[in-house]
Each structure stands twice: as C-alpha cells, then as structure tokens.
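What you are looking at is a predicted structure, and each value in this text was computed from that prediction instead of being measured. First the proteins, then the strands, lettered A, B, ... as listed; each starts at 1. Just so you know, these numbers use all the heavy atoms, side chains as well, and skip hydrogens, waters and symmetry mates.
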Protein chains: 2
Amino acid sequence: MATKTSSPCPENKQDWLDCLKASGYRLTSPRRAVVETLANSQRALNATEIYDLAREQYPSLGLVSVYRTLEKLEQLELIQRVHHPDGCQAFIAGFTGHQHLLICQSCGKAEFFEGDNLEMLFERVAQESGYQIQEHWLQFFGFCSKCRTDKD
Amino acid sequence: MATKTSSPCPENKQDWLDCLKASGYRLTSPRRAVVETLANSQRALNATEIYDLAREQYPSLGLVSVYRTLEKLEQLELIQRVHHPDGCQAFIAGFTGHQHLLICQSCGKAEFFEGDNLEMLFERVAQESGYQIQEHWLQFFGFCSKCRTDKD
DNA sequence: TTCGTATTGAAACTGATTTTCAATATCATT
DNA sequence: AATGATATTGAAAATCAGTTTCAATACGAA
C-alpha cells in the first residue's frame, strides 16, 4: 500500500516516437513537435495550447495535425485526458499502472499518485447498490508547494 | 462512516421550482419542462437529450431555454455536471452533502453514495507531494443490477 | 386588469473539432 | 542514393455545441 507521487516523465519522448513507429505510423515533424511539447509539460494542455507552444519551434505546424496526433497518442495510451471543473479537453502524459491525478488549482501542475485503498469501499457500495463495480476515478485538487509559497 | 446509496429524487421537482422562485426567477413553462425532465431521470442528460424529451410534452420549447435553465439550476446547486469518458456535458439532480457518483456503464443509471474515508490518503499524498489538498473527485463505474441480469 | 420587465424562441454568431482534398514527405524497396 | 506507393500534411470548408442578440411574449406584483 505504498503511496508514491511522481511527475510526468519528459524522457519518455523517445518512447512515444518508438511506440508510434511500432504501431505503423510514420515519424513526421508535426508529430515530433506535438510529442515534444506534451512530453515536456508539467501540466495538461489542450489542442490550442499545444499548437501555440509547438509553433514556437515549428511554425508551419497545423492545428489539424495537433488534433490528429492527440487522437493517436490517446489510442496508444501514451497520453490521457484530464477532467477538470473548467473543461475536459486537456491532455497529459499518461502513466502505466494504476495512477491518480493531483492537480494544482493555481498553475495547473499535475502529479500522479498511487496507493489508494478503496477495496473496502468498493465492496460496501457494491453490496448496497447491487452494482458490479468495474472502474473508478479519483482525482485530487489543491495548491502545489510553489503556488502556496507565492501566495504569501 | 456510513456508506449509503440513493437515487436522485423525483419528488424534489417542487423543491426546485420553489428554489427558482425564491431566487427571484419566474416560473415559466419552459423551466417547468426542463425541471420535470431532469427530476424524473435516473441518468444524467445533456442539453439535447433534455430538449428532445421535454418537447414530447411541451413541443414549443427552445433549446436555448434548456441551456439557460441548466445554467440557473447549476448555480443553485440543484443539478450537477457528470463527467464521463464519453463526454462531460450531462447533468443530473444534485445531492446535498458530500456525495459521490456510481454510474452504470450500460444504461447510464446513476446513484449517489457517501462514506468515503480518504483522510489518511489525503495526508500521505499531501506530505509526499507538498500539495495542499482542497477537493477531491471520486466516481465509480460499473453495471447496475438490472443490466447485470439482462446480460444473461 | 394593468403594466414593467424577465423570459422566450429564432436566427446569427462563436469557438472547438472534423472532414475534404490536393500537395507533400516518409520510408521500404531498389 | 534514387524511386515510388501511400500515409500524412495544412488550408479551407463543414459540422457541432453552446452563446448572444433581439423583437415578441408571458409572468406576476400592484
């Protein structure tokens, strides 16, 4: 029942490209630009944000290619959609295994944590509701250490 | 630490109208139609679904009024938005107090449960991440007893 | 019943995402 | 390294959800 937190890994950039290649997709400049941008981000980004950031390095990138690349990365489970009260269009580098998100309400910085222990709750809710529970979402919102300091 | 599950209450229809009235809004046929439709639903509905259902009884209802009524009901916390892998535009009757959703992956039927006990997890994650945790989302997905039976 | 005004539905508009399509770039094969 | 089949591209058009505008209407206090 270890609780561990960790940030999205910038170094998985090459893994993503390998994975795209292995899945039969060609490695192109637009795809590299999107992968680069998302893999380097500490926080979830939506299509337009990725477009704007990536164009700083690769100005001819089209927004359509951002959408198309996101679609493929999501299918390959290299990225995942982040749900948020203000919207659910943003994506962040995915994690293998059973992980939950912890999101800063001020700067958006995201970390993953594991080690929930909800089996007893599953059982009780299943018993009382008659539902067969298959999946769960758990997400924490708060203020990261940097934003807490900045507030003072 | 009681775990209790319960369905959205159809009988709060009148409460919603009273609440709208008390907040200075007029009681109109379009609003009644939207309230009626949502209060009677066991599952979360989006604007278009509400529009289609409500028009069976009140054909002159406009989609714009559905959006406007949803906005007010959400502000008054009579309904809440339901996040789902397939989309986050649906609303369901809200519950007072600290409640979490349990959603059927087959028919969409939703129930609320309470009684999570995540304080220890909060503390551990806060300690290890440095975040000050403010809020959490917990949602279960599964198959309701009816859909489990129907599968056989 | 009257009347001020909140609310309505239709139409126009916005912003996000998808589709279409001709031009281009990738990469397996030579 | 050059070739060529075809996957991928960006731009423009199309679609879709949601919002704004506005003149007509309906609510409800007086």
Gap between atoms [atom1] and [atom2], on [X] and [N] respectively (whole Å):
| X | N | atom1 | atom2 | value |
| --- | --- | --- | --- | --- |
| B:Glu49 | D:dA17 | CD | C1' | 13 Å |
| B:Arg68 | D:dT21 | CZ | P | 12 Å |
| B:Leu20 | C:dT8 | CG | P | 10 Å |
| B:Asp86 | C:dT17 | CG | C1' | 17 Å |
| B:Leu61 | C:dT7 | CG | P | 15 Å |
| A:Leu70 | D:dT9 | CG | C1' | 16 Å |

request  = Would you check if the distance from the ring center of B:Trp137 to the ring center of A:His83 is below 6.0 Å?
outcome  = no
Ring-ring centroid check A:Phe113 A:Phe140, cutoff 6.0 Å =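 Yes - the distance between ring centres of A:Phe113 and A:Phe140 falls below the 6.0 Å cut-off.
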ask   = Start at the 5' end of DNA chain D and walk down; is the nucleotide closest to A:Lys72 or to A:Tyr51 reached first?
value = A:Lys72
query = With a 3.5 Å cut-off and no angle check, do the side chains of A:His98 and A:His136 form a donor-acceptor pair?
reply = yes
request  = For the side chain of A:Val64, starting at C-beta, report the closest nucleotide among C:dT8, C:dT19, D:dA17.
outcome  = C:dT19
key: B:Leu17 with B:Tyr25, same ILVMFWY side-chain cluster at under 4.5 Å   = yes
ask   = Are the side chain of A:Arg31 and the backbone of A:Thr69 linked by a donor-acceptor contact shorter than 3.5 Å?
value = no
request  = With heavy atoms under 4.0 Å as the rule, sort B:Thr48 into base, sugar-phosphate or nothing.
outcome  =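 B:Thr48: no heavy atom of the nucleic acid under 4.0 Å.
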task = Scan B:Leu63 against the nucleic acid and name what it touches under 4.0 Å (heavy atoms): base, sugar-phosphate only, or nothing.
result =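 Contact class for B:Leu63: none.
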ask   = Under 4.0 Å: is that the gap between some side-chain N or O of A:Tyr67 and OP1 or OP2 of C:dT18?
value = no
message = One character per nucleotide, please: for nucleotides 23-30 of chain D, 5' to 3', B when the base has a protein heavy atom closer than 4.0 Å, S when only the sugar-phosphate does, - otherwise.
response = ---BBS--
task = Output the distance between atom CZ (B:Phe91) and atom CD (B:Glu71), rounded to the nearest 0.5 Å.
result = 9.5 Å
ask   = In Å, rounded to the nearest 0.5 Å, how long is the span from OH of A:Tyr131 to CZ of A:Phe122?
value =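 A:Tyr131 atom OH to A:Phe122 atom CZ measures 15.5 Å (nearest 0.5 Å).
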